[in-house]
Asks: 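Have a look at this one.
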Amino acid sequence: MENKGPYYITTAIAYAAGKPHIGNVYEIVLADAIARYKRYDGYDVRFQTGTDEHGQKVEERAKAAGKSPKQFVDEIAAVIKEQFDCMNISYDKFIRTTDAYHEKQIQKIFKKLYEQGDIYKGKYEGLYCHECEAFYTKSQLTEDGKCPVCGGEVKPMDEEAYFFRMSKYADRLIQYIEDHPHFIQPESRKNEMLNNFLRPGLQDLCVSRTSFKWGIPVDFDPDHVVYVWIDALSNYITGLGYDADGNHDELYKKYWPADLHLIGKDIVRFHTIYWPIMLMALNEPLPKQVFGHPWLLTGDSKMSKSKGNVIYADDLVSLFGVDAVRFIMLHEMPFAQDGHVTYDLMIERINSDLANNLGNLVNRTLSMQNKYFNGIVANPHDDAPVDDELKAEALATVKKVSDHMADLRVADAIQDILDLFSRCNKYIDETMPWALAKDPEQIGRLATVLYNLLESVRIAGVLLKAFLPDTAEKILYSLNTMEKDFDTVNEFGMLETDIRVTDKPEILFARLNEKEVMAKVEQIQKAYRAVKKKAAEKKPEIEPADFEKIELRVGKVLSCERHPAADKLFVLKVDLGQGDVRQIVSGLAQSYTPGQVIGKNIVVLTNLKPAVIRGIESKGMLLAGKDDRQIAVVEVNGLEPGTKIS
């Protein structure tokens with residue numbers, strides 16, 4: 001196929017604060033479908049995605065998890081990558097903003113912008129959304145004073161910061177958008193940016209922070225870290241080897257400017273105002289197009305862990321398979337409106353579109369070819385007018401898919417292919433191969449009908465490669481054809497003759513039983529509820545005065561016997577010094593023998609009110625840790641019995 005030149009597509013990089021849900025992964029699958037289509041269509045594609053790993057939320061969540069920020073993001077980045085990989089994503093570059101090259105270039109970019117006067121030092125006083133890690137003016141808030149993106153609370157904040165002179169480039173950007181009508185898509189997003197942000201006047205942008213430390217330090221003022229706008233947005237060029245000193249990698253020279261930034265509609269402002277202005281300041285070309293896709297919703301609301309309506313890609317794959325999940329994500333998303341998915345809808349779509357239409361057609365056609373011709377393909381050209389209609393539909397589908405993909409209307413392109421499968425099923429009803437098979441004089445006609453079906457299936461299979469790659473490969477493999485490239489679908493009749501189709505057609509998509517699927521869904525949700533419940537069991541904060549009520553002392557275990565009425569309990573005699581020997585009942589029996597406990601120096605809560613446990617009085621409680629496998633008593637060595645612990 002003709003090489004049509006380079007094509008660079010990117011997604012927004014995922015924030016490394018937790019496992020991404022299908023609303024996040026949808027964007028990656030959408031980009032993958034576009035990237036695959038462009039590759040098959042002859043473009044030299046580079047597809048980049050990755051993770052945004054700095055910021056206040058990451059710092060706080062790492063601290064809560066008892067980990068360093070780098071350890072935390074290493075683990076979360078691996079989780080995010082697993083979610084992408086389970087969807088069969090064909091990215092060429094997975095960038096992390098903690099990559100050494102990226103961090104070094106961000107420092108150089110920041111310094112360059114500062115030295116040329118585009119960044120200056122000042123003090124920020126404004127409204128801050130902790131969830132979005134973004135500042136807003138009062139006029140940008142919702143009517144009830146909430147964050148315009150997440151709907152959360154905003155709080156007044158002031159801190160020393162560096163600012164980017166946005167206003168310096170505002171008029172130039174407005175002119176660029178007006179001169180390049182396809183720069184921001186869909187059209188509604190462009191109007192929103194112009195009317196709500198640019199024309200009313202841009203405020204200078206805060207581009208550094210001092211209230212947290214997990215970020216890329218400003219090398220000439222290390223009390224500051226570079227804020228998300230310069231750090232995260234610049235990944236699109238640093239991932240290609242951009243160098244602020246001008247010593248760019250060949251990849252940057254080849255692929256920049258990007259052909260498409262594919263992002264969620266909630267971050268269009270950052271990609272169509274902040275990012276272009278940064279590029280203008282760096283004297284670099286702007287991306288050719290920014291497409292703000294709608295949200296994939298569960299029911300009628302955006303997915304949120306707080307709402308409890310989150311669905312993860314790997315769970316869906318375990319229920320339905322990779323290509324079925326790709327189909328749901330890609331087919332159920334309108335071009336400019338939010339898409340809505342429920343388990344009921346997923347089951348219905350998979351059964352009707354994939355099992356009944358696509359899968360049934362392929363299986364029926366292959367089975368008839370084997371039944372009537374031992375799988376050998378022939379085309380005696382015993383034609384009829386009804387054949388022309390099918391051939392015209394097949395070739396028209398190629399054109400419709402191409403036109404829809406040119407406009408990024410992926411759902412419509414998939415529907416075009418489904419319509420071709422439906423037309424093939426109708427063709428079977430019109431030609432009735434089973435009736436032709438009963439008449440020896442119609443053997444040529446039967447062979448022609450089946451050839452037309454197989455060729456239509458081949459064309460549909462080739463077109464399907466960008467969207468359901470595994471399924472497409474299975475279809476083409478079952479035909480035993482070598483004509484698998486995009487340049488073979490512009491002419492009807494490219495399927496070879498004298499080849500033999502598979503004699504064991506595979507069930508591409510089995511029909512789903514709703515009760516069985518929902519039982520599995522309940523098990524998945526039950527597991528997540530258990531994890532959430534466990535996390536919610538964390539104790540509330542206490543005051544220092546509350547802790548002062550507790551008396552902890554070192555005690556030495558003098559004796560240990562099994563409780564006469566409870567297999568899991570021990571009865572200990574513990575020396576707390578100065579003649580204070582206590583009897584304590586403790587549940588150590590599942591992890592220790594009595595002999596392993598005797599002689600240990602342990603920590604005892606001594607001012608606990610005495611209690612009777614299974615008929616034996618206990619005066620105190622020893623400290624121990626417990627996980628799913630064992631109990632481990634807290635030991636203190638080198639301190640005498642009675643020593644106070646504080």
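Throughout, numbering of the chain's residues begins at 1 and tracks the sequence.
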Asks: Quick one: which of Thr10, Ile34, Thr11, Leu262 gives a side chain to side chain contact (heavy atoms under 4.5 Å, CB included) with Phe47?
Replies: Thr11

Asks: Do Glu284 and Tyr252 get their side chains close enough for a donor-acceptor pair, meaning under 3.5 Å?
Replies: yes

Asks: Side chains of Asp416 and Thr397: do they bring a donor and an acceptor to under 3.5 Å?
Replies: no

Asks: Thr51 and Glu53: side-chain donor and acceptor closer than 3.5 Å?
Replies: yes

Asks: With a 4.5 Å cut-off on side-chain heavy atoms, are Met329 and Leu30 touching?
Replies: no

Asks: Would you check if there is a donor-acceptor pair between the side chains of His331 and Gln415 at a distance under 3.5 Å?
Replies: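 Yes, a side-chain donor-acceptor pair sits under 3.5 Å.
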
Asks: Cut-off 3.5 Å, side chains only: do Tyr43 and Asp259 have a donor facing an acceptor?
Replies: no

Asks: Just so I know, are the side chains of Phe270 and Val228 near enough to count as touching, which here means a heavy-atom distance under 4.5 Å?
Replies: no

Asks: Given side chains that start at C-beta, do those of Thr481 and Leu454 come closer than 4.5 Å, heavy atoms only?
Replies: no

Asks: Taking atom types as modelled, is there a side-chain donor on Ser456 or Arg423 under 3.5 Å from an acceptor on the other?
Replies: no

Asks: With heavy-atom distances below 4.5 Å as the criterion, would you say the side chains of His340 and Leu345 are in contact?
Replies: no

Asks: Only one of Ile414, Asp323, Leu358 clears side chain to side chain contact (heavy atoms under 4.5 Å, CB included) with Leu464; which?
Replies: Leu358

Asks: Could you check if a side-chain atom of Ile230 sits within less than 4.5 angstrom of a side-chain atom of Tyr274, using non-hydrogen atoms only?
Replies: no

Asks: Measure the acute angle between the ring planes of Tyr451 and Phe492, then classify it against the limits of 30° and 60° as parallel, tilted or perpendicular.
Replies: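 Ring orientation, 0 to 90° scale: perpendicular.
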
Asks: What's the verdict on salt bridge (charged side-chain N to carboxylate O under 4.0 Å, His left out) for Arg349 and Glu332, showing C-alpha distance, side-chain angles and the deciding distance?
Replies: CA-CA 9 Å; Arg349 286 285 190 270; Glu332 296 308 309; 2.7 Å; yes

Asks: Compare all side-chain heavy atoms of Ile177 with those of Leu198 and state whether any distance is below 4.5 angstrom.
Replies: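 Yes, at least one pair of side-chain atoms sits under 4.5 Å.
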
Asks: Students often mix this up, so state it plainly: with edges at 30° and 60°, are the rings of Tyr169 and Phe164 parallel, tilted or perpendicular?
Replies: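 Correct class here is tilted.
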
Asks: Run the numbers on Leu463 and Val398 for side chain to side chain contact (heavy atoms under 4.5 Å, CB included), then give the verdict.
Replies: CA-CA 7 Å; Leu463 294 175; Val398 176; 4.1 Å; yes

Asks: Does any non-hydrogen side-chain atom of Leu279 lie less than 4.5 Å from one of Pro287?
Replies: yes

Asks: Give me the ring orientation class for Phe486 and Tyr37: parallel if the planes are under 30° apart, tilted from 30 to 60°, perpendicular past 60°.
Replies: perpendicular

Asks: Please examine the side chains of Lys190 and Val268, heavy atoms only from C-beta on, and report whether any two atoms are closer than 4.5 Å.
Replies: no

Asks: Ignoring hydrogens and geometry beyond distance, is a side-chain donor-acceptor pair present between Asp407 and Gln185 at under 3.5 Å?
Replies: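 Judged by distance alone, the side chains do not pair up.
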
Asks: Compare every heavy atom of Ala33 with every heavy atom of Val410, then report the nearest pair and how far apart it is.
Replies: CG1-CB, 4.4 Å

Asks: Specify whether Tyr176 and Phe183 have parallel, tilted or perpendicular ring planes, treating 30° as the upper limit for parallel and 60° as the lower limit for perpendicular.
Replies: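 Perpendicular.
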
Asks: Please check if any side-chain donor atom of His248 sits under 3.5 Å from a side-chain acceptor atom of Trp256, or the reverse.
Replies: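 Checked: His248/Trp256 side chains show no N/O donor-acceptor pair below 3.5 Å.
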
Asks: Going through the distances and angles, do Lys474 and Asp470 end up as a salt bridge (charged side-chain N to carboxylate O under 4.0 Å, His left out)?
Replies: CA-CA 6 Å; Lys474 290 176 182 178; Asp470 289 345; over 6 Å; no

Asks: Decide salt bridge (charged side-chain N to carboxylate O under 4.0 Å, His left out) for Arg269 and Glu192; before the verdict, give the C-alpha distance in whole Å, the side-chain angles of both, and the deciding distance to 0.1 Å.
Replies: CA-CA 9 Å; Arg269 173 165 59 106; Glu192 179 187 0; over 6 Å; no

Asks: So if I apply the side chain to side chain contact (heavy atoms under 4.5 Å, CB included) rule between His54 and each of Val73, Ile216, Val226, which one comes out positive?
Replies: Ile216

Asks: Per the side chain to side chain contact (heavy atoms under 4.5 Å, CB included) rule, which among Tyr255, Tyr7, Tyr8 passes with Asp44?
Replies: Tyr255

Asks: Between Tyr242 and Lys108, do the side chains contain a donor N or O and an acceptor N or O under 3.5 Å apart?
Replies: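 Absent: no donor and acceptor within the cut-off.
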
Asks: How about Gln105 and Asp243: does a side-chain donor come under 3.5 Å of a side-chain acceptor?
Replies: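 Yes.
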
Asks: Could Lys19 and Tyr312 be counted as a cation-pi pair, given that NZ or CZ must be under 6.0 Å from the ring centre and within 45° of the axis?
Replies: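 The answer is yes, since Lys19 meets both limits relative to Tyr312.
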
Asks: List the steps, then state whether side chain to side chain contact (heavy atoms under 4.5 Å, CB included) holds for Ile22 with Val341.
Replies: CA-CA 10 Å; Ile22 62 166; Val341 294; 4.3 Å; yes

Asks: Keeping Arg326 on the side-chain end and Met87 on the backbone end, is there a donor-acceptor pair under 3.5 Å?
Replies: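 Confirmed, Arg326 side chain pairs with Met87 backbone.
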
Asks: Could you check whether the rings of Tyr236 and His271 sit parallel, tilted or perpendicular, using 30° and 60° as the cut-offs?
Replies: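 Rings of Tyr236 and His271: tilted, 30 to 60°.
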
